[in-house]
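See below for the structure under consideration.
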Amino acid sequence: RFLGNRSSGRMGFALASEAARRGARVTVVAANVSLPRSAGIDYVDVETAEQLRERTLERFDRCDLLLMAAAVADFRPEDPHDGKIGKQDRDELELRLVPTADVLSELAERRRPDQTLIGFAAEHGDAGLERARGKLERKGLDAIVFNDISRADIGSPMIMCILRGRGKRAP
């Protein structure tokens with residue numbers, strides 16, 4: 001049993017496949033994704049947000065463009081349990097969650113001037129676009145893709161809004 005989200009990884013894999021098709025050398029760091037793999041792409045499988053952070057940091061210096069399309073967990077259990085916790089073991093269970101590292105912000109702080117960083121913001125509701133703008137500026141990204149997950153038709157190009165940052169004029 002686990003806490004998770006419904007992110008499939010399809011968007012990240014599609015972007016990686018298109019970049020490879022256009023001639024880029026592509027590395028995908030992915031957690032818990034069971035999608036078909038494209039030839040010519042280096043896939044690095046991880047299981048946790050911390051492993052994703054470590055593997056991405058290891059490769060970041062060789063990166064020209066980073067598309068951080070991953071839905072990295074914002075929180076993790078403070079005290080994970082390796083085995084089953086049965087009802088007979090306790091009357092109630094308290095689950096404490098602690099924040100995970102903000103991988104994209106950490107990468108933005110380490111970036112070279114010639115590196116391009118693009119983030120993704122899966123937000124919801126009327127204030128989602130403003131939250132995405134805030135994330136763009138707070139993290140110092142070149143662009144952010146806003147996807148309004150409250151909409152039933154998410155994934156449509158009409159829903160995604162690319163915002164530009166770092167002194168570039170927004171479209």
Side-chain angles (χ1 to χ4, degrees), residues 1-16 27-35 37 42-61 63 66-111 115 117-155 159-163 165-166:
R1 295 184 176 93
F2 68 96
L3 295 175
N5 66 29
R6 297 184 300 176
S7 179
S8 66
R10 286 191 309 252
M11 184 183 305
F13 272 46
L15 291 167
T27 299
V28 173
V29 181
N32 309 309
V33 175
S34 59
L35 295 171
R37 310 263 167 134
D42 179 25
Y43 292 92
V44 179
D45 294 309
V46 297
E47 294 182 7
T48 67
E50 181 57 26
Q51 289 172 348
L52 184 137
R53 177 187 164 274
E54 291 168 359
R55 299 297 89 77
T56 304
L57 286 170
E58 288 169 2
R59 290 158 176 80
F60 185 60
D61 288 341
C63 176
L66 175 75
L67 296 172
M68 197 71 164
V72 178
D74 293 327
F75 294 90
R76 64 173 178 77
E78 181 177 56
D79 185 25
H81 187 76
D82 288 332
K84 178 177 170 52
I85 302 171
K87 290 180 185 177
Q88 70 279 4
D89 296 332
R90 56 183 72 209
D91 291 331
E92 62 182 51
L93 178 64
E94 182 176 311
L95 177 63
R96 290 189 43 83
L97 300 175
V98 295
T100 59
D102 185 337
V103 179
L104 189 51
S105 289
E106 186 174 354
L107 293 169
E109 290 174 9
R110 298 174 57 151
R111 75 186 309 175
Q115 288 178 305
L117 273 66
I118 300 175
F120 285 68
E123 297 288 348
H124 57 85
D126 294 337
L129 185 58
E130 286 310 308
R131 285 191 298 274
R133 278 194 176 101
K135 185 177 185 180
L136 171 73
E137 292 181 22
R138 188 174 61 254
K139 294 180 186 242
L141 305 176
D142 295 292
I144 195 159
V145 178
F146 164 65
N147 197 349
D148 187 346
I149 60 173
S150 69
R151 305 264 312 254
D153 53 352
I154 61 170
I159 305 306
M160 290 185 193
C161 176
I162 300 174
L163 305 172
R166 289 188 62 207

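All values below come from the heavy atoms of this structure, side chains included, with hydrogens, waters and symmetry mates left out.
In this structure, R131 CZ and F146 CZ are separated by 7.5 Å, a value rounded to the nearest 0.5 Å. Rounding to the nearest 0.5 Å places CE of M68 at 10.0 Å from CG of L141.
For the pair D79/R96, no side-chain contact is recorded, criterion being any heavy-atom separation below 4.5 Å from C-beta on. For the pair E130 and E123, the minimum side-chain heavy-atom distance is 4.5 Å or more. Using a 4.5 Å heavy-atom threshold, the side chains of F60 and R111 count as touching. Within the 4.5 Å cutoff, side-chain heavy atoms of K135 are placed close to those of I144.
Partners of E54 by side chain to side chain donor-acceptor pair (under 3.5 Å), not counting sequence neighbours: none found. Shown here are the side chain to side chain donor-acceptor pair (under 3.5 Å) partners of R59, two or more places apart in sequence or in another chain: there are none. In this view, E47 satisfies the salt bridge (Lys or Arg N to Asp or Glu O under 4.0 Å) rule with no residue, not counting sequence neighbours. The salt bridge (Lys or Arg N to Asp or Glu O under 4.0 Å) test applied to E58 returns R55, not counting sequence neighbours. Among residues two or more places apart in sequence or in another chain, the ring pair (Phe, Tyr, Trp, His ring centres under 6.0 Å) test is passed with Y43 by F13.
Side chain of D142 to backbone of L117: a donor-acceptor contact under 3.5 angstrom is found. Counting only distance, with no hydrogens or angles, the side chain of E50 and the backbone of T100 share no donor-acceptor pair below 3.5 Å.
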Under 3.5 Å, which donor-acceptor pairs link side chains of residues 103-110 to any protein atom two or more places apart or in another chain?
from	atom 1	to	atom 2	distance (Å)
S105	OG	D102	OD1	3.3
S105	OG	D102	OD2	2.9
E106	OE1	R53	NE	2.7
E106	OE2	R53	NH2	2.9

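When all heavy atoms of L95 and P77 are compared, the pair lying nearest together is CD1-CB, 4.3 Å. Closest heavy-atom contact between A16 and V28: CB-CG2, 3.4 Å. Scanning all heavy atoms of the two residues, the minimum distance from F120 to A69 falls at CD1-CA, 3.4 Å.
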